[in-house]
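The next block holds one structure in the form of structure tokens; read it before the comments.
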Amino acid sequence: MIPYGRQSINDDDIAAVTEVLKSDFLTQGQQVPNFEHELSKYVDAQFSIAVNSATSALHIACLALGVGKDDYVWTSPISFVASSNCALYCGASVDFVDINPHTYNLCPNALRQKLEHHKQYDLPLPKVVIPVHFSGQVCDMSAISILAEEFDFKIIEDASHAIGATYLNKKVGSCEFSDITIFSFHPVKIITCGEGGMLTTNDKQLEKTIRMLRSHCITRESNLLHNTTDPWYYEQQGLGYNYRMTDIQAALGVSQLSRLDDFISARRNIAKQYKKTLSGLPITLPAQSSEQSSAWHLYVITLDERKRLSIFKQLREAGIGVNVHYIPIYFQPFYQSLGFKKGLCPNAEVYYQSCITLPIYPDLNNEQQIQIVQSLKNLLLKDK
Ligand SMILES: *Cc1c(COP(=O)(O)O)cnc(C)c1O
């Protein structure tokens, strides 16, 4: 089965991991600071903090921005559940903003309408909005950040799909239009650590808080301690977590980061090839907004919703690991049990009825891509 996405691991990646395994520190050594430093340089952010997953990153990003009971976090329903679960971990509530029907990203116009409506009727306004750069395409961050000023909310970019993407010629993660950006290094994502995540920010205070939350809110920094005479002394100053990344993961991360530009150009070539070979068929290819350049984590097409299921099944039978990204989050039984009703985000629901993700990853070769395109063509023309 050709998967929809997979990691690319070479001998350098393996050597980097092996070296750590033979060293003194499997965790809390120099590899994690090194990965953070390299990532800050790559995305041009002042601070990077590595964690053990993007889910952890989202959780402590919300906490660092003060999300708690009685607060609201708004996000896109077309995302992985982690994008909204993070608010619930903090005891806060979540709400969803509809997508743009062409980019499938959180729609700034829908956001403005919802904000104005909530303001007018004294309904809860968000403390934090989490735009998700779905499929690697960057959201309209400039429009969203204007709304953040006007309605006084913070922004966490969920860039789990989008490391290596650019927006207005700056790398995603630079936090030009946000407070915090988070990345995922799960193996299906653009670069991998096995499991892992990263937060970037340009705010010194946020960086400090996030570092504390990552490791139990324990500090040994003498200027922060109440007692400086005992050499063994440390203090827990809040309720934190063990969300640390290991040095084994960080070494793989550094090696993968050095390959990121190659990964992105391979993904862009595959996308270009799909665009060329799939044009003229009764499907919609992914629209790209011009102020950004996608990392192409996913290649999503939409087609007649009456044919989606049958084409999906037949592609799977032909050994092509197509997928669906995503079931709207509030369709999940857990979210239904919180009181969310179908009909909340009409564009997201229409999109969900018709989408299929085709395989895209750096090691997908030309013959495999031809096979995917040919199978899809045959099915579409046969079913006509
Ligand atoms: C994968 C993903 C996450 C969670 O990432 P993990 O590193 O697996 O915790 C969060 N948000 C989105 C949009 C994702 O695709």
Side-chain angles (χ1 to χ4, degrees), residues 3-7 32 35 39 48-63 73-90 94 96-97 99 103-106 128-139 141 144 155-165 172-173 178 180-200 210 213-214 241-246 249-250 252-253 256-257 267 294-300 323-332 335 348 351-352 355 357 360-361:
Y4 81 84
R6 66 160 287 152
Q7 71 277 11
V32 168
F35 186 27
L39 196 125
S48 296
I49 306 100
V51 289
N52 58 3
S53 73
T55 303
S56 309
L58 284 162
H59 180 196
I60 59 178
C62 284
L63 288 176
V73 173
W74 291 7
T75 189
S76 166
I78 299 301
S79 186
F80 185 57
V81 293
S83 303
S84 61
N85 285 345
C86 56
L88 307 179
Y89 296 157
C90 304
V94 68
F96 297 94
V97 181
I99 60 166
T103 64
Y104 317 139
N105 272 333
L106 186 145
V128 171
V129 172
I130 307 182
V132 179
H133 303 317
F134 174 74
S135 79
Q137 167 153 242
V138 189
C139 294
M141 291 309 299
I144 295 168
I155 299 175
I156 302 169
E157 291 174 72
D158 183 341
S160 295
H161 300 183
I163 195 165
V172 166
S178 64
I180 299 169
T181 301
I182 69 96
F183 295 111
S184 171
F185 307 128
H186 182 279
V188 297
K189 307 294 164 73
I190 310 265
I191 60 171
T192 189
C193 297
E195 296 275 2
M198 190 77 79
L199 304 94
T200 64
I210 291 164
L213 286 165
R214 172 177 69 172
Y241 303 85
N242 178 356
Y243 283 171
R244 293 185 306 263
M245 176 181 276
T246 68
Q249 292 165 305
L252 182 53
Q256 288 265 301
L257 187 58
R267 286 176 177 276
S294 178
W296 290 106
H297 166 55
L298 302 174
Y299 195 91
V300 177
N323 217 322
V324 164
H325 295 95
Y326 288 94
I327 304 163
I329 294 175
Y330 61 83
F331 278 25
Q332 297 295 344
Y335 280 84
Y351 161 80
Y352 168 57
C355 62
T357 304
I360 187 167
Y361 53 91

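Ligands are counted one by one from 1 in listed order, and the atoms in each one are counted from 1 as well.
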* Kindly say whether Thr357 contributes a backbone atom to a donor-acceptor pair with the side chain of Asn323 at under 3.5 angstrom? => no
* **Sorted by chain and number, the residues that approach ligand 1 to under 4.0 Å with a heavy atom** => Ser53, Ala54, Thr55, Ser79, Phe80, Ala82, Ser83, Val132, Asp158, Ser160, His161, Ser184, Lys189, Gly196, Tyr326
* Structure fact -> Those residues at least two apart in sequence (or on a different chain) that pass side-chain contact (heavy atoms from CB on, under 4.5 Å) with Phe80 are Ala82, Tyr326
* Asked: So, for Phe35 and Phe185, is the gap between ring centers shorter than 6.0 Å?
  -> yes
* **Residues which pass side-chain contact (heavy atoms from CB on, under 4.5 Å) with Ala57, listed by chain and number, not counting sequence neighbours** => Val51, Ile182, Leu199
* To do: List the atom of Ile99, the atom of Pro77, and the distance in Å for their closest heavy-atom pair.
  => CG2-CD, 4.4 Å
* To do: For Thr246, check side-chain contact (heavy atoms from CB on, under 4.5 Å) against everything at least two apart and list the hits.
  => Thr27, Ile248, Gln249
